[in-house]
Amino acid sequence: DTEVTQTPKHLVMGMTNKKSLKCEQHMGHRAMYWYKQKAKKPPELMFVYSYEKLSINESVPSRFSPECPNSSLLNLHLHALQPEDSALYLCASSQDPGRLAKNIQYFGAGTRLSVL
Amino acid sequence: GQQVMQIPQYQHVQEGEDFTTYCNSSTTLSNIQWYKQRPGGHPVFLIQLVKSGEVKKQKRLTFQFGEAKKNSSLHITATQTTDVGTYFCSGSQGNLIFGKGTKLSVKP
């Protein structure tokens with residue numbers, strides 16, 4: 001099973017709402033990632049969790065709050081977002097971030113977020 | 001910081017024509033990965049190149065890693081409509097840094 005599952009597939013929220021994006025993998029991968037992708041742009045790294053600990057935060061605004069409850073789950077909590085935050089949010093996982101030959105990333109289908 | 005440049009940004013070809021996208025890094029890469037993203041889809045891993053001068057083939061796709069490990073190319077022979085999508089290279093010095101991608105359209 002090489003699947004990374006993201007829910008919901010689509011999300012519309014107002015600027016005062018609080019919502020969460022969820023990501024799950026059962027491949028035994030120990031690194032999980034959040035990316036943001038705007039239309040016609042490459043994925044842009046937001047956060048990296050290695051062994052359930054936050055290892056990279058690419059200067060992401062605090063209105064995005066990641067959480068890794070266990071090695072299979074990754075959440076992204078959203079609060080007070082802006083319309084410019086509308087994008088495709090991709091989750092990915094890789095086997096072992098510390099080993100060169102094993103950092104192939106498997107992406108989920110993404111959550112398409114619209115902020116009104 | 002590390003940058004990965006990718007050209008061309010767009011490529012329109014007639015079905016059956018060949019296609020090549022090029023990727024260049026400002027620094028030496030540990031490895032390079034190629035991903036394909038279909039319209040409305042998500043990036044899907046194609047291949048990873050690790051060794052200097054490495055060449056790998058997947059059916060009609062040929063991937064090459066430069067001798068200096070700073071550049072790479074993806075060549076598709078005799079494109080088909082199923083090849084449509086955006087091809088991203090991604091350089092690794094730990095985490096992935098994506099090139100801007102080449103969007104391929106194929107006219108039947």
Side-chain angles (χ1 to χ4, degrees), chain A residues 2-10 21 23 25 27 29-51 54-60 87-113, chain B residues 1-11 21 23-25 28-52 54 56 58 63 65 69 72 74 84-105:
Chain A
T2 58
E3 196 171 279
V4 175
T5 304
Q6 287 188 245
T7 56
K9 286 187 171 23
H10 298 91
L21 309 184
C23 176
Q25 57 88 13
M27 296 179 277
H29 288 178
R30 303 311 302 272
M32 295 186 77
Y33 309 75
W34 280 115
Y35 287 87
K36 174 182 177 180
Q37 187 176 29
K38 301 283 271 185
K40 301 182 181 180
K41 299 289 186 183
E44 185 181 319
L45 185 66
M46 300 174 72
F47 302 104
V48 181
Y49 273 83
S50 297
Y51 303 101
L54 183 64
S55 61
I56 291 181
N57 175 342
E58 291 286 357
S59 303
V60 179
L88 178 67
Y89 287 84
L90 293 161
C91 173
S93 70
S94 65
Q95 189 168 357
D96 183 342
R99 295 183 66 178
L100 176 65
K102 293 188 177 180
N103 67 349
I104 295 166
Q105 294 192 12
Y106 296 88
F107 285 83
T111 294
R112 198 162 295 278
L113 173 68
Chain B
Q2 182 184 352
Q3 288 189 335
V4 175
M5 311 297 290
Q6 193 173 349
I7 57 169
Q9 193 173 356
Y10 301 97
Q11 186 80 59
T21 173
C23 192
N24 290 287
S25 171
T28 302
L29 299 168
S30 302
N31 62 31
I32 197 153
Q33 300 176 1
W34 286 92
Y35 291 79
K36 176 183 179 181
Q37 187 171 16
R38 292 181 185 273
H42 59 279
V44 174
F45 173 76
L46 294 177
I47 208 155
Q48 176 173 258
L49 304 171
V50 180
K51 298 177 183 175
S52 170
E54 189 170 13
K56 286 188 177 180
Q58 288 179 351
F63 303 85
F65 202 10
K69 299 182 74 173
S72 181
L74 158 60
V84 163
T86 300
Y87 293 84
F88 292 102
C89 64
S90 183
S92 176
Q93 284 189 344
N95 293 312
L96 295 182
I97 298 176
F98 283 84
K100 292 190 174 181
T102 296
K103 185 175 181 180
L104 172 65
S105 60

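A, B, ... follow the sequence lines: proteins, then strands. Residue 1 opens every chain. Below, each value reflects all heavy atoms present in this structure, side chains not excepted, and no hydrogens, waters or symmetry copies.
- In the model, Gln37(B) has a side-chain atom that pairs as donor or acceptor with a side-chain atom of Gln37(A) under 3.5 Å.
- The distance from atom NE2 of His42(B) to atom SG of Cys91(A), rounded to the nearest 0.5 Å, is 11.0 Å.
- Atom NZ of Lys103(B) has 12 or fewer heavy atoms from other residues, nucleotides or ligands within 6.0 Å.
- Heavy-atom minimum distance, Phe98(B) versus Pro43(A): CD1-O, 3.9 Å.
- In plain terms, the two heavy atoms of Lys100(B) and Pro42(A) that are nearest each other are CA-CG, 3.9 Å.
- Separating the CD atom in Gln48(B) from the CG atom in Asn103(A) is a distance of 5.5 Å, to the nearest 0.5 Å.
- Ring centroid separation for the pair Phe107(A) and Phe45(B) does not come in under the 6.0 Å cut-off.
- Shortest non-hydrogen contact noted between Leu90(A) and Pro43(B) is CD1-CD, 3.8 Å.
- The local environment of NZ in Lys38(A) is crowded, with over 12 non-hydrogen atoms from other residues, nucleotides or ligands closer than 6.0 Å.
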